[in-house]
Undergrad: 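I am attaching a structure below and will ask some questions about it afterwards.
A, B, ... follow the sequence lines: proteins, then strands. Residue 1 opens every chain.
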Amino acid sequence: MNADKVLDAKGMACPMPIVKTKKAMTDLESGQVLEVVATDQGAKADIAAWSKSGGHTLLETAENEGVLTFWIQKG
Amino acid sequence: MMAVTAWNAADVAKRVIEKKDVFVLDVRNEDAFADWKIESDSFTYKNVPYFDLLDGVEELVPELPKDKEILVVCAKVGSSQMVAEMLADEGLDVAYLEGGMKAWSEHLEPVKIGDLPGGELYQFVRLGKGCLSYMAISNGEAAIIDATRMTETFTSFAEEKNVTIKHVFDTHLHADHISGGREIAEKTGASYWLPPADAEEVVFDYEKLTDGTSVAIGETTIGINALYSPGHTIGSTSFVIDNRFLLSGDILFIDSIGRPDLAGKAEDWVGDLRETLYTRYRSLAEDLIVLPAHFMIMDEVQDDGSVQEKLGVLFKENHGLNIENEEAFRSLVTENLPPQPNSHQEIRQTNMGRLNPDDEKKREMEIGPNRCAVKA
């Protein structure tokens with residue numbers, strides 16, 4: 001999936017993946033897509049819940065050997 | 001800036017048992033909070049996900065009590081520490097839970113149940129998950145029943161008491177938590193016992209725990225006598241210790257009874273469950289003290305932190321033991337069952353030795369409440 005911006009949050013523990021995601025999102029326009037790569041397993045539920053609460057759309061999630069990738073479209 | 005205090009799980013356990021007023025600000029996401037939290041009758045709760053607080057906590061401050069201890073809780077620790085520090089910046093005294101719900105889930109509180117000839121019987125209360133384990137000690141020897149995977153707690157406790165662990169039992173193949181039994185036996189050279197009917201697919205050697213199995217620990221030989229009591233699983237076995245204590249496993253709880261469906265056989269095992277509860281247990285002495293492998297609600301925890309009740313009292317008060325009609329009993333334990341525990345299939349496979357997840361994965365598999373009971 002094409003992303004307008006990529007955030008590498010690998011190795012970061014909660015709450016940093018969300019803190020960084022939120023910050024990265026402010027640089028995007030509505031409709032643009034942010035790709036977030038993280039290794040904190042808690043990010044799975046939290047990115048989904050955060051996207052919803054912030055009015056963004058979690059387009060897709062992928063998981064490969066412990067590495068999580070999220071594509072979030074700014075609302 | 002006001003002070004932020006770190007509480008460990010033992011600090012929280014103490015407040016749960018002493019029924020202190022604590023205000024829990026749980027900053028996990030809403031689903032996680034709805035699924036599972038720190039249970040206490042004396043605590044009050046508010047759930048605000050940490051990601052809704054990143055812009056500041058000013059709006060939250062007026063909603064927090066001035067006259068109670070405030071504990072911020074998250075899944076591991078990072079978010080609760082961040083929110084606690086933000087609240088301190090606003091002039092509040094708050095604590096956060098070290099290790100978060102993960103540590104809470106793993107904390108074991110040892111409580112003495114009673115004296116045995118030449119020793120004592122202890123219950124290990126896992127408040128965060130409702131699991132109960134036991135250690136019987138007599139004259140320098142110990143037996144452990146239904147150990148959780150925090151094996152260090154049991155081996156350290158045995159060292160502290162200066163006793164050698166001789167026997168390790170599981171009343172059944174657990175589906176809600178990972179057993180520490182085999183690991184303790186491997187570490188200490190003790191025998192590991194499992195009911196063979198539950199162990200058909202295990203990939204390790206074990207001693208066969210069957211009806212009438214009897215072991216003695218200590219010179220004065222306190223008897224640990226196995227009583228086959230199927231129903232939660234086909235192999236489920238209870239123990240009578242020193243003719244005074246009935247360790248009922250996941251068959252009979254204080255306020256509920258075991259569910260027969262966690263290995264996928266509700267229909268087949270409901271008859272066994274009824275036979276165990278209404279015939280086999282009925283023939284036992286009513287003054288036996290029932291010590292189950294789980295509790296579900298804080299009402300089942302006594303003021304001293306233990307979970308126990310006389311069998312005779314349960315015959316009167318536990319609704320699951322008082323359903324005359326067999327059909328009504330059958331529908332109770334096969335219909336409208338609570339959801340099955342998280343990852344219960346993987347947990348069973350792990351307890352059979354067929355899966356070998358690392359510690360982090362084990363923790364994740366056990367997240368959430370136990371759901372081994374059915375309440376009438």
Side-chain angles (χ1 to χ4, degrees), chain A residues 5-30 32-75, chain B residues 4 25-37 46-57 59-60 72-87 89 96-105 342-343 346 357-368:
Chain A
K5 188 181 166 85
V6 177
L7 170 70
D8 182 0
K10 287 198 294 289
M12 289 182 194
C14 183
M16 290 321 287
I18 296 275
V19 170
K20 297 277 184 190
T21 301
K22 184 178 157 71
K23 194 157 174 294
M25 210 58 147
T26 58
D27 300 337
L28 295 185
E29 302 292 325
S30 178
Q32 287 188 308
V33 174
L34 174 69
E35 178 180 325
V36 181
V37 187
T39 46
D40 180 7
Q41 296 302 306
K44 229 182 295 179
D46 287 359
I47 292 264
W50 172 81
S51 300
K52 206 173 154 200
S53 107
H56 309 299
T57 309
L58 178 57
L59 299 172
E60 203 178 319
T61 305
E63 190 170 356
N64 187 22
E65 294 185 357
V67 179
L68 303 163
T69 310
F70 307 90
W71 288 271
I72 311 162
Q73 185 172 43
K74 183 162 175 165
Chain B
V4 172
L25 175 63
D26 194 317
V27 299
R28 292 174 300 154
N29 67 61
E30 287 167 10
D31 289 348
F33 176 74
D35 191 34
W36 178 51
K37 65 179 190 296
K46 185 171 181 66
N47 172 224
V48 185
Y50 68 92
F51 46 74
D52 288 342
L53 297 170
L54 296 177
D55 292 330
V57 293
E59 285 172 31
L60 176 64
V72 189
V73 174
C74 69
K76 286 176 226 163
V77 71
S79 308
S80 62
Q81 201 173 355
M82 175 188 76
V83 172
E85 278 161 12
M86 292 167 86
L87 289 169
D89 285 342
Y96 66 91
L97 173 59
E98 276 177 346
M101 290 302 283
K102 191 182 80 173
W104 179 242
S105 166
N342 295 340
S343 313
E346 283 170 292
D358 62 22
D359 286 352
E360 193 54 39
K361 178 71 186 160
K362 283 180 183 168
R363 278 188 198 113
E364 219 175 283
M365 284 158 66
E366 283 191 343
I367 291 285

Undergrad: Is it the side chain or the backbone of B/Glu364 that comes within 4.5 Å of chain A heavy atoms, both, or neither?
TA: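 Interface part for B/Glu364: side chain.
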Undergrad: Verify the neighbour count for atom CD of A/Gln32: are there more than 12 heavy atoms of other residues, nucleotides or ligands below 6.0 Å?
TA: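 Buried by this count: over 12 neighbours within 6.0 Å.
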Undergrad: Just how far is it from atom CD of A/Gln41 to atom NZ of B/Lys361, taken to the nearest 0.5 Å?
TA: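 The NZ atom of B/Lys361 is 8.0 Å from CD of A/Gln41, to the nearest 0.5 Å.
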Undergrad: Evaluate whether atom CD of A/Glu29 has more than 12 neighbouring non-hydrogen atoms of other residues, nucleotides or ligands under 6.0 angstrom away.
TA: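 No, CD of A/Glu29 has 12 or fewer neighbouring heavy atoms, counting only those of other groups under 6.0 Å.
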Undergrad: Within a radius of less than 6.0 Å around NZ of A/Lys44, do more than 12 heavy atoms belonging to other residues, nucleotides or ligands occur?
TA: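 Correct, the count exceeds 12.
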Undergrad: Let me know if B/Asp31 has heavy atoms under 4.5 Å from chain A in its side chain, its backbone, both or neither.
TA: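 Interface part for B/Asp31: neither.
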Undergrad: With a 4.5 angstrom heavy-atom cut-off, could you sort out which part of B/Phe51 is near chain A: side chain, backbone, both or neither?
TA: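 Looking at B/Phe51, backbone and side chain both touch chain A.
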Undergrad: Out of curiosity, B/Asn29 CG to A/Ile47 CD1, how far, rounded to the nearest 0.5 Å?
TA: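 Going from the CG atom of B/Asn29 to the CD1 atom of A/Ile47 covers 11.5 Å.
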Undergrad: If I measure from the heavy atoms of chain B, does A/Ala45 come under 4.5 Å with its side chain, its backbone, both, or neither?
TA: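 It is both, since atoms from each part get that close.
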Undergrad: Quick check on B/Lys362: does its NZ atom have over 12 non-hydrogen neighbours (other residues, nucleotides or ligands) under 6.0 Å away?
TA: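 Counting other residues, nucleotides and ligands, NZ of B/Lys362 exceeds 12 neighbours.
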Undergrad: Hey, which of A/Ala48, A/Gly42, A/Pro15, A/Gly54 has the most heavy atom pairs under 4.5 Å with chain B?
TA: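 Top option by heavy-atom pairs under 4.5 Å: A/Pro15.
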Undergrad: Can you tell me how far apart OG (B/Ser79) and CG (A/Asp46) are? Round to the nearest 0.5 Å.
TA: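 Separation between the atoms: 7.0 Å.
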